[in-house]
Amino acid sequence: MYFSKLYAPTLREIPAEAEVASHKLLVRAGYIRKSSSGVYTYMPLAQRVLQKISTIIREEMNKAGGQEVMLPIIQPAEIWLESGRWNVYGKELFRLKDRHDRDFCLGPTHEEVITDLVRMDVSSYRQLPLMLYQIQNKYRDERRPRFGLLRGREFIMKDLYSFDREESGLEESYQKMYDAYTAVFTRCGLEFRPVEADSGAIGGSSSHEFMVIADSGEAAIVYCPECSYAANVEIAPCYPAKNEEETPLLLEKKLTPNKTSIDDVATYLGEPASKLIKTLFFQADDEVIAVLVRGDRTVNEIKIQGVQACVVFEMAAAEKIKEATGCEPGYVGPIGLKKDIKIYADEEIKTMVNAVCGANESNHHWVNVVPGRDFTVSEYTDLRLIEEGESCPKCGVVLNTARGIEVGQVFKLGTKYSNALKATYVDEKGQENDIVMGCYGIGVSRTMAAAVEQNHDDNGIIWPVQIAPYQVVIVPVSTSDQQIWQAALLLYQELTAVGIEVIMDDRDERAGVKFKDADLIGYPIRVTIGKRYIEENKMEIKKRWEKESSLVAKEEIIEIVKKTWQDSL
RNA sequence: CGGGGCAUAGCGCAGUUUGGUAGCGCACCUGGUUUGGGACCAGGGGGUCGGGGGUUCGAAUCCCUCUGCCCCGACCA
């Protein structure tokens, strides 16, 4: 491909709206343009990268036994009503009506559609197991689209659904997909880590997320340097720290004027934050609940939802808190609540002695509080967020922390959807059973953005060879010098002939412009042909991820390029 | 959904306070000089100043209203 013909308009200036590296660089380098908030056009370079990622995914899905299908994006409301998610999914679901006023939605995920398909055509155990997948656009009306392709409203996903006879079959399918995902991201040349994850609103028993490691990632993970343990902090279990043993003292109310935050109260009373009890109120459907954690800890809302099942879960409104405590937030505590509400407490609270908590009276806190003596807790359990420096639940070694971008997730769904939608099969004994399902997603467009987040420098993108839009760019320093131009042309033809994807920068631009664009676009290998070719018959080869270039003969160039390409496969 | 901000040429911005008929840099076109890390000179094209309504002799500028976009938070298979 000649650069002069390529539709890749690069920009010198960064669009004002771009926040993160992948967004800035993909826009600047001419890969994507925004159409509306969270919706992007993929231009030729992006399309090539997406195709490469998709090809790798297809190969691995097929290898694992998957069959590709294409499912509808426009989905009828009926099946969503049947699964119960039409009302649960909320505003995230893009809804629309047809001319007859019938309800539809744009698919954010395809459990309903695929289950509807399979229930029509699968009836016998002889047809199982089955794995179907698709790669196409999905839609979620995000409250706040951001970070370019990382959180869009329209995005490309691969999703595979597995259908098995029983749990053991699901276990096998799940493992196949786990392995396939590992192969996919390895082949994409990314540094990633599978972590244990929450299965969230999609339901199901077990789940792993595949995280591309990048400082800009939205997800925080912990992993063990010794054993294989790795988890999203959302679900990482915490062990209670030992609280100091003390002789319980008499409960006492203290004046704490205008001290509403943990830090303020701790400083004012001269106590460490770990001596305070943090009391938070949540709205769980129609019920208000109180949650207690040590003052220096953060509550983990995912864990709370694990003990208090509900559809809507959020921080309680101020008036609800007042109803429960008779007091403004800032001085609330578990002692003497107005209303009889459930109090969940983190395990660490149990052993606290002579603690501090709000008195449910403005400008007052209790000191020398002893849980169990001064108030009663409905349930003690692990409710806090894991912190830096805590131990591995498997082997006790101190965990490492990292940030990641979630590019894939695998779920064991069980029979949640097959049961709701009556997708059943008949076994050898003539017994009807629900099909056991799993679902497995990869964010294709997000993977492209994550690759950029992980692989870039100040000058631009540094594509892993496997997913680069082209592997090589040839830069003839002058297009008017026939000796240089002819050499470039010959190299171009020879590389193309061996299956290497090459861009020839044939533009009548200064060398500096071509170098800047080459770095920005991120071709793994750049070959420059200039004076040194005329003088010494040497070409310059530079790998995008290395600082130095080297001068070599043309024959070597071809060998180096071929080798680099093959090494990456 | 709460809070804040922005909307002027393809991109980045000034002009709005104090109304007088739209400008700068980059990009683009023409010609010339240049040519190894985003060149220089000269000339040129491109704007319903987000939409609608109002005030005024006159509105990018003041008022009302709608829409879009961005940031922080909350939320997030």
Side-chain angles (χ1 to χ4, degrees), chain A residues 9-20 23-24 27-30 33-39 80 83 85 88-93 107-112 138-148 150-153 155 157 159 161 197-204 207 209 218-219 232 234 282-283 301-302 305 312-318 406 408-411 413 416-417 439-443 446 458-460 475-481 484 505 507-520 526-535 539-540 542 549 551:
Chain A
T10 58
L11 305 174
R12 290 194 185 194
E13 284 172 292
I14 306 165
E17 65 195 33
E19 254 326 90
V20 296
H23 190 192
K24 288 177 187 168
V27 171
R28 264 196 73 203
R33 290 289 182 264
K34 186 173 71 180
S35 172
S36 63
S37 181
V39 182
W80 284 79
S83 74
R85 288 208 290 182
V88 172
Y89 216 96
K91 291 190 173 176
E92 298 259 298
L93 194 61
T109 175
H110 285 67
E111 283 81 13
E112 281 79 2
K138 300 222 176 189
Y139 297 84
R140 286 192 203 153
D141 196 358
E142 292 283 346
R143 282 161 189 235
R144 190 177 161 206
R146 56 179 150 177
F147 307 143
L150 289 172
R151 186 160 293 279
R153 295 195 294 172
F155 50 93
M157 287 219 56
D159 49 331
Y161 299 91
D198 177 47
S199 55
I202 199 164
S207 181
E209 289 166 337
E218 288 188 88
N232 191 312
E234 288 177 345
F282 291 91
Q283 186 80 45
E301 300 191 11
I302 299 281
Q305 289 176 73
V312 179
F313 183 80
E314 55 195 12
M315 297 285 289
E406 182 202 333
Q409 187 162 15
V410 291
F411 294 91
L413 292 176
K416 177 174 171 175
Y417 295 92
C439 84
Y440 317 87
I442 293 178
R446 183 185 271 188
D458 290 344
N459 294 319
V475 178
V477 157
S478 159
T479 47
S480 51
D481 183 308
I484 289 173
D505 198 338
R507 295 175 300 170
D508 184 21
E509 286 283 357
R510 300 164 71 85
V513 173
K514 297 185 186 184
F515 293 152
K516 286 286 185 190
D517 273 342
D519 285 352
L520 183 59
R526 186 184 81 199
V527 179
T528 308
I529 305 173
K531 298 203 269 294
R532 308 298 286 273
Y533 181 72
I534 297 172
E535 290 164 5
M539 296 179 175
E540 177 189 301
K542 180 173 180 305
S549 58
L551 277 171

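All chains are named by letter (A, B, ...) in the order of the sequence lines, taking the proteins before the strands, and each is independently numbered beginning at 1. Being a predicted model, the structure only gives us computed values, none of them experimental.
- Rounded to whole Å, the distance from CG on A/Leu93 to C1' on B/rC75 is 16 Å.
- Rounded to an integer number of Å, the gap from CD1 of A/Ile14 to P of B/rC70 is 17 Å.
- Comparing the C1' positions of B/rA22 and B/rG31 gives a spacing of 29 Å, expressed to the nearest Å.
- Residues satisfying the side-chain contact (heavy atoms from CB on, under 4.5 Å) test with A/Glu406, not counting sequence neighbours, are A/Glu209, A/Met211, A/Gln409, A/Arg446.
- Between B/rG4 and B/rG20, the two P atoms lie 30 Å apart (nearest whole Å).
- Nucleotide B/rG73 forms a pair with B/rC1, judged by Watson-Crick or G-U wobble geometry with both contacts under 3.5 Å.
- Mapping A/Lys91 and A/Ser36 onto RNA chain B by nearest heavy atom places A/Lys91 at the nucleotide closer to the 5' end.
- The interatomic distance linking A/Glu406 (CD) with B/rC75 (C1') rounds to 15 Å, in whole Å.
- When the P atom is used for both B/rC69 and B/rC75, the distance is 24 Å, rounded to whole Å.
- Spacing between atom CZ of A/Arg153 and atom P of B/rC76 amounts to 19 Å, rounded to whole angstrom units.
- Applying the side-chain hydrogen bond (donor to acceptor under 3.5 Å, both in side chains) test to A/Glu112 and every residue at least two apart in sequence or in another chain returns A/Ser83, A/Arg85.
- Every residue two or more places apart in sequence or in another chain was checked for a ring-ring contact (aromatic ring centres under 6.0 Å, His included) with A/Phe515, and none qualifies.
- With C1' as the reference atom, B/rC28 and B/rA9 are 11 Å apart, rounded to whole Å.
- By the 4.0 Å N-to-carboxylate-O rule, A/Lys416 lies too far from A/Glu111 to be salt-bridged with it.
- A donor-acceptor contact under 3.5 Å links the side chain of A/Arg151 to the base of B/rC76.
- In this structure, the side-chain contact (heavy atoms from CB on, under 4.5 Å) partners of A/Asp159, at least two apart in sequence or on a different chain, are A/His110, A/Gln134, A/Lys138, A/Tyr161.
- With B/rC13, B/rA74, B/rC70 as the candidates, the nucleotide lying closest to the side chain of A/Ala16 is B/rC13.
- For A/Lys34, the listed nucleotide lying nearest its side chain is B/rC70; candidates were B/rC71, B/rC70, B/rG12.
- The partner of B/rG36 is absent, by the rule that a Watson-Crick or G-U pair needs both atom distances under 3.5 Å.
- Base pairing of B/rU16: no nucleotide in any strand meets the Watson-Crick or G-U wobble criterion (both distances under 3.5 Å).
- Distance noted for atom C1' between B/rA60 and B/rU18: 15 Å (whole Å).
- Whole-Å rounding puts the A/Lys24 NZ to B/rC11 P distance at 18 Å.
- The distance between atom CZ of A/Phe147 and atom C1' of B/rG73, rounded to the nearest whole Å, is 12 Å.
- When Watson-Crick and G-U wobble pairs are counted only if both distances are under 3.5 Å, B/rC11 pairs with B/rG25.
- Residue contacts for A/Pro15: at a heavy-atom cut-off of 4.0 Å it reaches the sugar-phosphate backbone alone, with no base atom in range.
- Using a 4.0 Å heavy-atom cutoff across all strands shown, A/Glu301 reaches sugar-phosphate atoms only and no base atom.
- Contact detail for A/Leu520 and A/Leu11: the closest heavy-atom pair is CD2-O, 4.3 Å.
- A/Ser478 places a side-chain N or O within 3.5 Å of a backbone atom of A/Asp481 that can act as its donor or acceptor partner.
- Within the nucleic acid shown, A/Tyr440 has no heavy atom closer than 4.0 Å to any nucleic acid atom.
- Remark: the separation of the C1' atoms in B/rG25 and B/rU35 is 23 Å, to the nearest Å.
- The side chain of A/Glu19 lies closest to B/rC71, out of B/rC76, B/rC69, B/rC71.
- One interatomic measurement links the two molecules: CG of A/Asp141 to C1' of B/rC75, which rounds to 13 Å at whole-angstrom precision.
- With both ends at atom P, the span from B/rU61 to B/rG37 equals 47 Å, rounded to whole Å.
- Base pairing annotation: B/rC6 forms a Watson-Crick or G-U wobble pair with B/rG68, both donor-acceptor distances under 3.5 Å.
- Summarising the geometry, the separation between CD on A/Glu142 and C1' on B/rC69 is reported as 17 Å, rounded to the nearest angstrom.
- Two residues are said to be in side-chain contact when any heavy atoms from C-beta on lie closer than 4.5 Å; A/Ile534 and A/Ile484 meet this criterion.
- Figure legend. B/rG46 is base-paired to no nucleotide; pairs are counted as Watson-Crick or G-U wobble with both atom distances under 3.5 Å.
- Not one N or O on the side chain of A/Lys91 forms a donor-acceptor pair closer than 3.5 Å with the backbone of A/Asp141.
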Letter by letter from the 5' end, nucleotides 31-44 of chain B scores (B base, S sugar-phosphate only, - none; protein heavy atoms under 4.0 Å) ---BSBBBB-----
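- B/rA60: no Watson-Crick or G-U partner with both key distances under 3.5 Å is found in any strand.
- Take A/Arg28 and apply the side-chain hydrogen bond (donor to acceptor under 3.5 Å, both in side chains) test, not counting sequence neighbours, and it matches no residue.
- Spacing between B/rC70 and B/rG50 at atom C1', rounded to whole Å, works out to 15 Å.
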